[in-house]
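All of these numbers come straight from a predicted model, not from anything done at the bench. The chains referred to below are lettered A, B, ... by the order of the sequence lines, with proteins before strands, and numbering in each begins at 1.
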2 protein chains.
Amino acid sequence: MDTADAPEGELKVSAPHRELLDQVLDKWSLSILNELCERPCRFNDLRRCIPAVTQKSLTATLRRLERNGIVERVLLSSRPVAVEYRITPLGKTLRHPVDVLLDWAATHMPEIQRARRTFDLTET
Amino acid sequence: MDTADAPEGELKVSAPHRELLDQVLDKWSLSILNELCERPCRFNDLRRCIPAVTQKSLTATLRRLERNGIVERVLLSSRPVAVEYRITPLGKTLRHPVDVLLDWAATHMPEIQRARRTFDLTET
DNA sequence: CTGTATCCCACGCGATACTG
DNA sequence: CAGTATCGCGTGGGATACAG
């Protein structure tokens with residue numbers, strides 16, 4: 001009843017929300033979140049689990065997530081340097097929305113690909 | 001096991017999914033979706049409802065959403081040109097995931113802003 | 001092992017002007 | 001009214017090299 005034809009217009013997307021989503025749903029965040037939800041990971045663990053990411057992007061994304069309180073950076077030992085990244089309680093709350101989103105993507109991908117083909121054929 | 005959450009590792013984020021989310025959660029799509037979920041809109045209606053968007057970006061976003069089968073472009077009359085944009089059934093299915101996401105953002109925004117302040121102070 | 005530092009390019013997006 | 005056409009800029013992100 002709430003999803004079909006509920007009172008519309010409940011959610012306006014404000015600039016701060018937009019910015020937050022950009023920081024938290026960017027190119028690599030979802031993959032990182034996915035890994036850290038299963039277990040704490042070292043930096044190079046993440047690199048192995050997400051082979052396509054570069055050092056630079058991984059560092060940047062982790063910093064951004066850390067700044068937003070989504071992940072936690074834990075220094076394990078200083079010589080040689082060892083660092084572990086963990087999901088925070090706040091980070092865990094992000095899992096459900098993301099799952100719903102990915103579920104949607106998985107469910108409707110075929111339909112979307114059909115739409116794309118139709119569009120690409122029609123508009124030439 | 002615990003609070004009715006799914007077994008881990010259910011959702012790997014693949015490249016096609018990533019691309020889809022980029023096309024559907026980009027800077028202006030959520031605002032457009034929001035408007036079109038309430039009523040069909042003409043091009044300039046949307047410009048009025050979303051004052052910050054430029055013509056170019058609005059056109060580009062609408063085309064992208066149309067290609068993915070999220071919105072529908074309806075030619076109302078040809079002279080003078082009149083066009084109406086409508087949400088599709090597929091587009092409506094996107095509303096729930098997006099609402100969950102925006103709900104999350106609204107709920108946790110205070111906590112996130114605290115995290116940011118702490119981070120910005122600690123790391124200088 | 002865990003990062004920084006550069007360089008560089010693609011592209012998302014804004015600004016502005018023009019068109020059927 | 002509903003777009004296209006151009007130009008330009010900021011920045012996300014890859015490649016590579018270096019550092020504590």
Side-chain angles (χ1 to χ4, degrees), chain A residues 13 15 18-33 35-36 39-68 71-86 119 122-124, chain B residues 13 15 18-33 35-36 39-68 71-86 119 122-124:
Chain A
V13 46
R18 188 59 259 179
E19 187 205 3
L20 174 56
L21 295 185
D22 283 339
Q23 303 214 357
V24 141
L25 299 179
D26 69 286
K27 185 169 186 184
W28 298 112
S29 289
L30 298 194
S31 302
I32 292 175
L33 228 38
E35 297 304 324
L36 294 187
R39 66 195 175 287
C41 282
R42 307 271 297 273
F43 188 80
N44 282 339
D45 288 343
L46 289 171
R47 293 193 70 191
R48 274 185 292 275
C49 295
I50 314 166
V53 72
T54 62
Q55 275 187 342
K56 179 185 171 182
S57 293
L58 183 54
T59 306
T61 307
L62 285 170
R63 282 286 179 284
R64 201 162 37 230
L65 292 176
E66 188 193 357
R67 190 174 103 94
N68 286 282
V71 308
E72 183 189 10
R73 185 176 183 272
V74 182
L75 191 66
L76 293 180
S77 92
S78 344
R79 196 202 40 75
V81 181
V83 176
E84 192 175 79
Y85 288 93
R86 300 179 193 167
F119 182 92
T122 313
E123 323 261 321
T124 310
Chain B
V13 45
R18 189 58 260 176
E19 188 206 3
L20 174 57
L21 296 185
D22 284 339
Q23 303 214 355
V24 143
L25 299 179
D26 69 286
K27 185 168 186 186
W28 300 111
S29 289
L30 298 194
S31 300
I32 292 175
L33 227 39
E35 297 304 325
L36 293 187
R39 66 194 177 286
C41 281
R42 307 273 295 273
F43 187 80
N44 282 337
D45 288 343
L46 289 171
R47 292 192 70 190
R48 274 186 291 275
C49 295
I50 315 166
V53 72
T54 62
Q55 275 188 341
K56 179 185 172 182
S57 293
L58 183 53
T59 306
T61 306
L62 285 170
R63 285 285 180 284
R64 201 159 41 229
L65 292 177
E66 189 193 357
R67 189 174 104 93
N68 286 282
V71 309
E72 183 189 9
R73 185 176 182 273
V74 181
L75 191 65
L76 293 181
S77 94
S78 343
R79 195 197 42 72
V81 182
V83 176
E84 193 175 79
Y85 289 93
R86 298 181 193 166
F119 182 92
T122 313
E123 323 260 320
T124 311

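Distances shorter than 4.0 Å separate none of the side-chain N or O atoms of B/Arg42 from OP1 or OP2 on D/dG3. One finds no side-chain N or O of B/Tyr85 lying less than 4.0 angstrom from the OP1 or OP2 phosphate oxygen of D/dC1.
The minimum heavy-atom distance linking B/Arg67 with A/Phe119 is given by the pair CG-CD2, 3.3 Å. For the residue pair A/Arg18 and B/Lys27, the shortest heavy atom distance occurs at CD-O, 3.5 Å. When all heavy atoms are compared, the tightest approach of B/Leu30 to A/Leu21 is CD1-CD1, 3.9 Å.
A heavy-atom distance below 4.0 Å to DNA chain D is reached by these residues of residues 77-84 of chain B, ordered by number: B/Val81, B/Val83. For the contact set between residues 18-29 of chain A and DNA chain C, defined by any heavy atom under 4.0 Å, there are no members. Near DNA chain C, defined here as any heavy-atom distance below 4.0 Å, the residues from residues 47-58 of chain B are B/Thr54, B/Gln55, B/Lys56, B/Ser57, listed numerically. Across residues 59-68 of chain B, not one residue has a non-hydrogen atom less than 4.0 Å from an atom of DNA chain C.
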Only pairs under 3.5 Å count here: list side-chain donor-acceptor contacts from residues 78-85 of chain A, not counting sequence neighbours, and write none if there are none.
from    : atom 1 : to      : atom 2 : distance (Å)
A/Glu84 : OE1    : A/Arg86 : NE     : 2.9
A/Glu84 : OE1    : A/Arg86 : NH2    : 3.2
A/Tyr85 : OH     : A/Arg73 : NE     : 3.3

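Legend: residues meeting side-chain hydrogen bond (donor to acceptor under 3.5 Å, both in side chains) with A/Thr54, ordered by chain and number and at least two apart, are A/Ser57. Taking A/Asn44 as the reference, nothing meets the side-chain hydrogen bond (donor to acceptor under 3.5 Å, both in side chains) condition, with sequence neighbours excluded. Every residue two or more places apart in sequence or in another chain that forms a side-chain hydrogen bond (donor to acceptor under 3.5 Å, both in side chains) with A/Ser29 is listed here: A/Asp26. A search for side-chain hydrogen bond (donor to acceptor under 3.5 Å, both in side chains) contacts involving A/Arg39 returns A/Glu35, not counting sequence neighbours.
Extent of DNA chain C lying under 4.0 Å from chain B heavy atoms, first and last nucleotide in 5' to 3' order, is C/dC13 to C/dA17.
The closest side-chain heavy-atom distance from B/Leu46 to B/Leu62 is below 4.5 Å. A heavy-atom distance below 4.5 Å is found between the side chains of B/Thr59 and B/Phe43.
Summary of helix geometry: the two end axes of the helix from C/dC1-D/dG20 to C/dG20-D/dC1, each defined by five base pairs via their C1' atoms, are inclined to each other by 50° (rounded to 10°).
Checking each of B/Asn68, B/Leu65, B/Thr61 against B/Gln23 for a side chain to side chain contact (heavy atoms under 4.5 Å, CB included) leaves exactly one that passes, namely B/Asn68.
For residues 43-53 of chain A, the salt bridge (Lys or Arg N to Asp or Glu O under 4.0 Å) pairs, not counting sequence neighbours, are A/Asp45-A/Arg48.
Annotation: the span from A/Leu25 atom CG to B/Leu25 atom CG amounts to 6.5 Å, rounded to 0.5 Å. Taking CZ from B/Arg63 and CG from B/Leu58, the interatomic distance works out to 10.0 Å, rounded to the nearest 0.5 Å.
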